[in-house]
Amino acid sequence: MTFGFLEHPTRFLFFTGKGGVGKTSVACATALALADRGNAVLIVSTDPASNLDEILGVPLSNQPVSVPNAGRLQVLNIDPTVAAEAYRARVQAQMAPDTTDAARKKVEEELSGACTTEIAAFDEFAGRLAGTDATHDYVVFDTAPTGHTLRLLSLPQAWSGFLEVNEAGASCLGPHSGLKLQEARFKQAMDALRDPAATTIILVARPEAGALTEAARSSEELNRLGLSNQRLVINGVFTAADRADTVAASIEDLGKQAIRALPEPLKALPRDDIPLRPIEMLGLSALRSLLDPAAFIPSAALPQLPDFRSDLPALAHLIDQLAADGRGLIMVMGKGGVGKTTIAAAIALGLVQRGHTVHLSTTDPAAHLAMTLGGERPGLRVDRIDPKVETERYVEKIMKERSRELDAAGLDLLREDLRSPCTEEVAVFHAFSHIVQEARSAFVVLDTAPTGHTLLLMDATGAYHRQITRQVDTQAPGRLVTPLMRLQDPVYTHVVLVTLAETTPVLQARALQDDLRRAKIEPYAWVINKSLLPLGTRDPLLRQRLLGEQKQVDLVRKSLAKDVFFVPWQTTPLVGLAALEELAIAQDDRG
């Protein structure tokens, strides 16, 4: 078996897709294969929650780092915080020598927001596309989960359009004159992305309906941006060793069914299928084997597994605990692909089952709550924080507030300034803050975006908190309650971390827990989702994977989580009200 994306690769290769589909593994394996041919290769992560260091076994840096025993392969991680610091220094250096201290301070405050972090990371990314890197034959981009990546790829167009009509003034990124210096780079980046001779977009998915639907949506969005040179990779295609094993047969059948129902936008794309492997893709040896069809021939001898301890409480018990509080904010977080949306929907429906009214919402740009639920229930209100809608609402609010003090010309200038892509970040934060406040009197369940995107939103929450606390009347501190303070209140907010029983999701959940604790937010519970451990499969390949699952379950229970709840893998997809409500029913209530 050969893989088409390796036969005649373009210089730039973008790997993107829904979280948890194996983007990073496939991207790293591709970069390693190209380096093994003698090429100089750079793999770049644009994911704020990158785990390239775990997969490649090297520390990450904002500068290229060589990977030992991998030829001329180097890795670079665009760290948003480091990039933002460098960007602020460049913008401030461009200010005139006679700029007043007050003006410098104003720009410094404007540069403190999360949107500055985003554009600074993009600035680093654009430099790799704009022809300034002459030392590498190939540049492989391991991108963030789909919604965050689409936002990143739309920035060159958004900022170019904004700068064309804004010759002066200031934005949340500092003086427009400084931004104008970047306009040529933005245009070069967009030209490279749209050039099929230079760039290939590789959509990575699993043989699952949700992942393929999101890949199709991404394909259409990318086409609208002019990025039409696309390929499809379906990763983790499983074939049962013995069809008599009902678990193995169900997994194979679900995969085949999803591939047969391939969404229309994907049918015309060149496609490669990568088989499911029995080990996790950690280290160079594993990565080299991912694209080697002869690497894994499962042994007929079944690996020995310890008896699975099924004393972990089910998800219904977590819902019982949450329901006892009567109200509050429940934030469901984790790495992309671990099932956050499914767990959030099941929790919301379980609270409705127990007599509560619930607002279920999402901050995920690739939101699929409606598809997961597949219907409506009395007592459950479902919506999403739609960036476009929230931006329009926020702009009109600001325009109305300022209309009393500005003339027509001033209002025109203000509206142009609000066309900045930064406005979207501010608008989304305001919508998030409003939802947080709702939990004072009812249950709010929030399905968050994949980890990196969520951390950027949390950064915005922290920045707003610091700004408000600097401005508040120090004589009346008790009147101040910011969104961050509500998130830090363990009575008001319960954070549920969702993971799979696999190394990378567990490591990322642990890293997210560490980040939350640094922000003085203590997670309430962990949910281990979609585990095969209790199902008794005899398939050799699946049994090999279960050894790793058992190790991760033990790690979470013993070292990471205060409370752990368990959801086994289901032989039918957890989609639709009936399936989700069944998951939320306590064992004692089952008929």
Side-chain angles (χ1 to χ4, degrees), residues 18 20 206-214 217 246-247 249-261 263 310 312-324 330 332 334 337-362 364 366-384 442-448 496 498 500 525 527-537 565-591:
K18 176 179 165 64
R206 290 274 185 183
E208 300 167 358
L212 290 167
T213 298
E214 186 155 329
R217 185 186 68 84
T246 56
V247 173
S250 294
I251 294 174
E252 179 182 352
D253 291 344
L254 285 172
K256 286 181 176 178
Q257 179 182 339
I259 293 172
R260 281 197 300 269
S310 57
L312 283 175
L315 183 68
H317 295 288
L318 170 61
I319 299 171
D320 287 339
Q321 289 181 199
L322 295 169
I330 301 163
V332 184
V338 298
K340 294 185 309 300
T341 299
T342 298
I343 299 303
I347 289 173
L349 287 167
L351 291 171
V352 171
Q353 286 175 342
R354 289 154 177 79
H356 300 282
T357 58
V358 180
H359 179 190
L360 172 62
S361 189
T362 181
D364 192 341
H368 34 262
L369 272 175
M371 183 177 71
T372 300
L373 287 165
E376 300 178 356
R377 277 288 181 267
L380 178 64
R381 176 163 65 96
V382 182
D383 61 23
R384 62 180 288 241
F443 274 114
V444 175
V445 179
L446 198 57
D447 167 35
T448 69
V496 176
V498 183
L500 305 180
V527 173
I528 297 175
N529 192 27
K530 297 195 289 190
S531 175
L532 292 168
L533 277 169
L535 302 183
T537 178
F565 299 85
F566 194 81
V567 178
W569 185 84
Q570 308 291 311
T571 55
T572 57
L574 281 171
V575 176
L577 295 170
L580 292 166
E581 287 172 332
E582 178 68 17
L583 187 65
I585 295 173
Q587 292 292 333
D588 294 344
D589 296 333
R590 295 182 189 275

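One is the number of the first residue; the rest follow in order along the sequence.
- Taking the side chain as every heavy atom from C-beta outward, L373 and L349 approach each other to under 4.5 Å.
- Annotation: side-chain hydrogen bond (donor to acceptor under 3.5 Å, both in side chains) contacts of T342 (sequence neighbours excluded): none.
- One distance of note links CD of Q570 with OG of S250; it measures 11.5 Å at 0.5 Å rounding.
- Shown here are the side-chain hydrogen bond (donor to acceptor under 3.5 Å, both in side chains) partners of H356, two or more places apart in sequence or in another chain: there are none.
- Residues H359 and D383 meet the side-chain proximity criterion, which asks for heavy atoms closer than 4.5 Å.
- Residue V358 is tested with V352, I330, V382 for a side-chain contact (heavy atoms from CB on, under 4.5 Å); the sole match is V352.
- Contact annotation: the side chain of V338 approaches that of V498 to within less than 4.5 Å [non-hydrogen atoms, C-beta and beyond].
- Of the possible donor and acceptor atoms, one in the side chain of T362 sits under 3.5 Å from a partner among the backbone N and O of D447.
- Here E376 pairs with nothing under the side-chain hydrogen bond (donor to acceptor under 3.5 Å, both in side chains) rule; sequence neighbours left out.
- Between W569 and I251 the shortest side-chain heavy-atom distance falls below 4.5 Å.
- Counting only distance, with no hydrogens or angles, the side chain of Q353 and the backbone of E581 share a donor-acceptor pair below 3.5 Å.
- Looking at T357, its side chain never comes within 3.5 Å of a backbone N or O of G379 through a donor-acceptor pair.
- A salt bridge between D320 and R354 is present, with a side-chain N of the basic residue lying under 4.0 Å from a carboxylate O of the acidic one.
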